[in-house]
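Worksheet for the structure shown next.
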Amino acid sequence: MSRTRKPAFLFLSLTFILVFLMNSCANLRDVRDPAEIAEDPATVFEDPFEESADAYDRMSAAILLGDPESAIQAYEDARLANPDEPETLVLLANLYIAAGDTDGARSLLDEIIAGADGQALVDARLALSLIARIDGNDEEELAQLSAVLDEQPDNPRANAALGEILLEREEYDEAEERFLKALESEPDDYFALQGLGNAYLRNGKSQAAIQVFSGAIEAEPDYSYTYTDRAKAYNEQGLYDQALEDMDRAISLDDENGWHYLDRGRMRARRGLFREAEADFTLAVERTPDNFLAYAYRAQVRGYMGEYDGAAEDYYQVLDARPDYYPAYAFLGALEYIRGNYRSSYGLLADAFDAEPDKPAYVLFAAAALLADDPLEGRRFLEGNLNLLERGSLLYITGRYNIDNVDLPVLNAIRTEENDRLKALGQFYLGLRYQQQELYGTARALFDSAEQSYLDGSPEGLVRQWLVDESS
């Protein structure tokens, strides 16, 4: 799951509640413009016999102005004509959710479900599914949505919400089907459009994603996350100017959102605009100081700019927040290697592998640091850990060279390797060993062959760039 989808969908869902509430109020009495009410507040409560009608006006105004607490107060003050009707109680429960009182909403909804049927029962289950999402209870959310779809297979809100669950589970084809199902009933529903665009984007259909996001923007032009999502799709298409334009638009709509600065910084970093990216990551840190990723990305670009002390400081901030975040150990290990602190580098890279055993390349990186400090100990380390690498793979053969000192098998394996990233890693690690053996020309040739594009954003790429700069 991406780090912005769940908060974004919660915002959309809460917005849906406000739309639901406005529609519910409109079904009982036409919604009045809040500005109209505000112009003449003295006339709002002139007629004591119109208390309920006035309450609907106040509720509508409060909802439109984003003030659910006032809407609840209006509801309770009015003593509605039919306070025990299920539809009325669902309305109140949704008001509680909008105000953040999920316990009060859940208690009310449980009562409704015990005795309601028809649309009131469906709306109550939809409200409970949203509470489950807020609580992070995926099983309960799925159960409520499934119950709704058993009653109403075409329900657009339930299909869109189920699509969101499938999206988080990385079941992209199934998510697409659910969002498309929702759009059959509500073609302009921007919840479903937003979800479908993200399903397309993650499924490698960035051009289709751009079209869908554009439709979502047309339906809801002031929702900032849709611009950031379309920017990512533009970025995937190589349309960097359009991507940055969308990011600028998102920030203009919500300039306190640290995630927007983080996303724009990543796009700038991808284009090599490291100084501009650093500024964006700093803005992200200022707005979301608890977001460890803002520090991690800023550390990364600082490393590429040669600002190693600042990079290290940021990585330690990351580890304070997330001690299990293995990339921070790996990058700190790379920085220590650059500084010539090989023993410290080895320890950090070993920590990175301990935190993420699925990154076997870190075994080679840790061995390279140890070989630079103590060749005999480095070979012993490799002999004890070579079995962690897939036997016969390029990385395994590269590790074997560091023990046997026979490079022909490595060169042959590099030549025949079809995976470009693995080939670049093999060239990097063989070049690193040549560098330690003072075969500088041969090492530089391998570093030049290891295309930086395949090592971008990695600790190996950071060390490679430093070695290339040092030898230029």
Heavy-atom pair with the smallest gap, counting every atom of [X] and [Y]:
{"X": "Phe365", "Y": "Val463", "result": "CZ-CG2, 3.7 Å"}
{"X": "Ala219", "Y": "Tyr190", "result": "CB-CB, 4.0 Å"}
{"X": "Gly303", "Y": "Ala311", "result": "N-CB, 3.8 Å"}

Would you say [X]'s side chain and [Y]'s backbone share a donor-acceptor pair under 3.5 angstrom?
{"X": "Thr288", "Y": "Val285", "result": "no"}
{"X": "Asn198", "Y": "Gln194", "result": "yes"}
{"X": "Asn159", "Y": "Pro153", "result": "yes"}

For residues 106-114, run the donor-acceptor check on the side chains, cut-off 3.5 Å, and write out each pair with its distance to 0.1 Å, sequence neighbours left out.
from	atom 1	to	atom 2	distance (Å)
Arg106	NH1	Asp103	OD1	3.1
Arg106	NH2	Asp135	OD2	2.5

Validation: residues 264-277 side-chain donor-acceptor distances under 3.5 Å, sequence neighbours left out:
from	atom 1	to	atom 2	distance (Å)
Arg264	NE	Asp280	OD1	3.2
Arg264	NE	Asp280	OD2	3.0
Arg264	NH1	Asp248	OD1	2.7
Arg264	NH2	Asp280	OD1	2.8
Arg266	NE	Tyr297	OH	3.4
Arg268	NH1	Asp280	OD2	2.9
Arg275	NH1	Glu278	OE1	2.7
Arg275	NH1	Glu307	OE2	3.0
Arg275	NH2	Glu307	OE2	2.8

Could you tell me whether Glu245 and Arg230 have a side-chain N and a carboxylate O separated by less than 4.0 Å?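 Looking at Glu245 and Arg230, the cut-off is not met.
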Would you call Arg178 and Glu164 a salt bridge, taking side-chain N to carboxylate O under 4.0 Å as the test?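 No.
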May I have the step-by-step check of side-chain hydrogen bond (donor to acceptor under 3.5 Å, both in side chains) for Asn155 and Gln152, ending in yes or no? CA-CA 5 Å; Asn155 186 289; Gln152 298 180 355; 2.9 Å; yes
Check whether any side-chain heavy atom of Trp259 sits under 4.5 Å from a side-chain heavy atom of Asn291, and report yes or no.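 Result yes, sub-4.5 Å side-chain heavy-atom pair found.
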Listed partners of [X] passing side-chain contact (heavy atoms from CB on, under 4.5 Å), at least two apart:
{"X": "Gln237", "value": "Ser206, Gln207, Ile210, Leu239"}
{"X": "Asp154", "value": "Lys181, Ser185"}
{"X": "Ala120", "value": "Pro86, Glu87, Ala116"}

Does a donor on one side chain sit under 3.5 Å from an acceptor on the other, for Gln144 and Glu140?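 Yes, Glu140 and Gln144 have a side-chain donor paired with an acceptor closer than 3.5 Å.
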Can you tell me if Tyr225 and Asn257 form a side-chain donor-acceptor pair at under 3.5 Å?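 There is such a pair between these side chains.
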Run the side-chain hydrogen bond (donor to acceptor under 3.5 Å, both in side chains) test on Arg391 and Tyr396 for me, step by step, so that the C-alpha distance in whole Å, both residues' side-chain angles and the decisive distance to 0.1 Å come before the verdict. CA-CA 6 Å; Arg391 192 174 185 84; Tyr396 179 92; 2.7 Å; yes
Quick check on Lys205: does its NZ atom have over 12 non-hydrogen neighbours (other residues, nucleotides or ligands) under 6.0 Å away?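 Yes, enclosed.
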Working note: Glu176 + Arg202, criterion salt bridge (charged side-chain N to carboxylate O under 4.0 Å, His left out); need CA distance, chi angles, decisive distance, verdict. CA-CA 11 Å; Glu176 287 179 19; Arg202 298 190 196 180; over 6 Å; no
Among all residues two or more places apart in sequence or in another chain, which pass the ring-ring contact (aromatic ring centres under 6.0 Å, His included) test with Phe331?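 With sequence neighbours excluded, Phe331 shows a ring-ring contact (aromatic ring centres under 6.0 Å, His included) to Tyr315, given in chain and number order.
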Are His260 and Tyr227, when compared by the centres of their aromatic rings, separated by less than 6.0 Å?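 Not close enough - the centres of the two rings lie 6.0 Å or further apart.
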Applying side-chain hydrogen bond (donor to acceptor under 3.5 Å, both in side chains) to Asn137 and Glu141, what does each step give before you reach the verdict? CA-CA 6 Å; Asn137 189 339; Glu141 181 184 11; over 6 Å; no
